Amino acid sequence: MQNLICIVCPIGCSVDVDPENMSVTGNRCSRGEVYAREEIRAPKRVVTATVSVTDSEIRRLPVKTSSPCLREKIPALLSDIYKVQISLPVKTGDVIIADWNGEGFDVVAARTYS
């Protein structure tokens with residue numbers, strides 16, 4: 001049995017998952033059950049980081065993934081993010097890295113700078 005704290009909503013249910021048969025108990029809603037099963041099978045996270053800005057007094061631009069990334073792939077993703085250099089202007093939501101490694105998510109700007 002594995003115990004998790006559900007992060008889908010502010011309640012933060014304590015959820016128990018039996019990895020053998022994927023039974024879930026302790027969740028107060030169906031979203032908690034889905035989260036717990038996914039967390040055991042293939043945990044994912046939205047990744048936040050910064051990229052370098054060239055030719056500006058602004059040195060770093062905050063970025064994030066447009067959807068969650070498999071946790072095991074985060075180190076490679078961060079390595080690629082930290083290699084990026086951009087120039088301004090940039091708007092929130094602008095794609096900085098499109099479809100990273102064919103994973104189906106983009107790295108997007110999390111702030112607007114003129």
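Starting from 1, each residue takes its place in the sequence as its number. If you're wondering where the values come from, they're calculated on a predicted model, not measured in any experiment.
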Legend entry - Heavy-atom pair of closest approach, residues Ala36 and Val17: CB-CG2, 3.6 Å

Inset, instruction - Check Ile74, Leu77, Thr48 against Thr65 for a side-chain contact (heavy atoms from CB on, under 4.5 Å) and give me the one that passes. - result: Leu77

Inset, instruction - Determine, using the 4.5 Å side-chain heavy-atom cutoff (strictly less than), whether Val47 and Ile97 are members of one ILVMFWY cluster. - result: yes

Inset, instruction - Report the C-alpha separation of Val90 and Leu61 in whole Å, then their side-chain angles, then the decisive distance to 0.1 Å, and conclude whether the side chain to side chain contact (heavy atoms under 4.5 Å, CB included) test is met. - result: CA-CA 9 Å; Val90 65; Leu61 169 73; 3.8 Å; yes

Inset, instruction - State, with a plain yes or no, whether a side-chain heavy atom of Ile81 is found less than 4.5 Å away from one of Val51. - result: yes

Inset, instruction - Would you indicate whether Asn3, at its atom CG, is surrounded by more than 12 heavy atoms from other residues, nucleotides or ligands within a distance under 6.0 Å? - result: yes

Legend entry - Residues, nucleotides or ligands: over 12 heavy atoms within 6.0 Å of Arg60 CZ: yes

Inset, instruction - Return the minimal non-hydrogen interatomic distance between Asp106 and Asp99, and the atom names on each side. - result: OD1-N, 2.6 Å

Inset, instruction - Report the C-alpha separation of Ser14 and Ile5 in whole Å, then their side-chain angles, then the decisive distance to 0.1 Å, and conclude whether the side chain to side chain contact (heavy atoms under 4.5 Å, CB included) test is met. - result: CA-CA 5 Å; Ser14 178; Ile5 301 299; 4.2 Å; yes

Legend entry - Note, Cys9 side chain near Tyr35 side chain (heavy atom, < 4.5 Å): no

Inset, instruction - With rounding to the nearest 0.5 Å, note down the distance linking CE in Met22 to CD in Glu33. - result: 9.5 Å

Inset, instruction - Output every pair passing side chain to side chain donor-acceptor pair (under 3.5 Å) with a member in residues 82-98, not counting sequence neighbours, ordered by first then second residue. - result: Thr92-Thr112

Legend entry - Residues that Arg45 engages under salt bridge (charged side-chain N to carboxylate O under 4.0 Å, His left out), provided they are two or more places apart: Glu39

Legend entry - Same apolar cluster (I L V M F W Y, side chains within < 4.5 Å links), Val63/Val108: no

Inset, instruction - State, with a plain yes or no, whether a side-chain heavy atom of Lys64 is found less than 4.5 Å away from one of Val107. - result: no

Inset, instruction - Give a yes or no on whether the backbone of Ala42 and the side-chain of Arg71 come within a donor-acceptor separation of less than 3.5 Å. - result: no

Legend entry - Side-chain touch Pro43/Leu70, heavy atoms, less than 4.5 angstrom: no

Inset, instruction - Applying salt bridge (charged side-chain N to carboxylate O under 4.0 Å, His left out), name anything that partners Glu103, two or more places apart in sequence or on another chain. - result: Lys73

Inset, instruction - Quick one: closest heavy-atom pair of Val53 and Ile58, and the distance? - result: CB-O, 3.3 Å

Legend entry - Nearest-0.5 Å distance that lies between atom CG in Asn27 and atom CG in Asp16: 10.0 Å

Inset, instruction - Taking all heavy atoms of Cys6 and all of Gly32, pick out the closest pair and write down the distance. - result: SG-CA, 3.7 Å

Inset, instruction - Quick one: do Ile86 and Ile96 satisfy side chain to side chain contact (heavy atoms under 4.5 Å, CB included)? Show the steps, please. - result: CA-CA 8 Å; Ile86 64 154; Ile96 306 302; 4.1 Å; yes

Inset, instruction - Compare every heavy atom of Phe105 with every heavy atom of Pro68, then report the nearest pair and how far apart it is. - result: O-CD2, 4.0 Å

Legend entry - Under 3.5 Å side-chain donor-acceptor pair for Trp100 and Asp80: yes

Legend entry - Cluster link Leu78 to Val84, ILVMFWY, side chain under 4.5 Å: yes

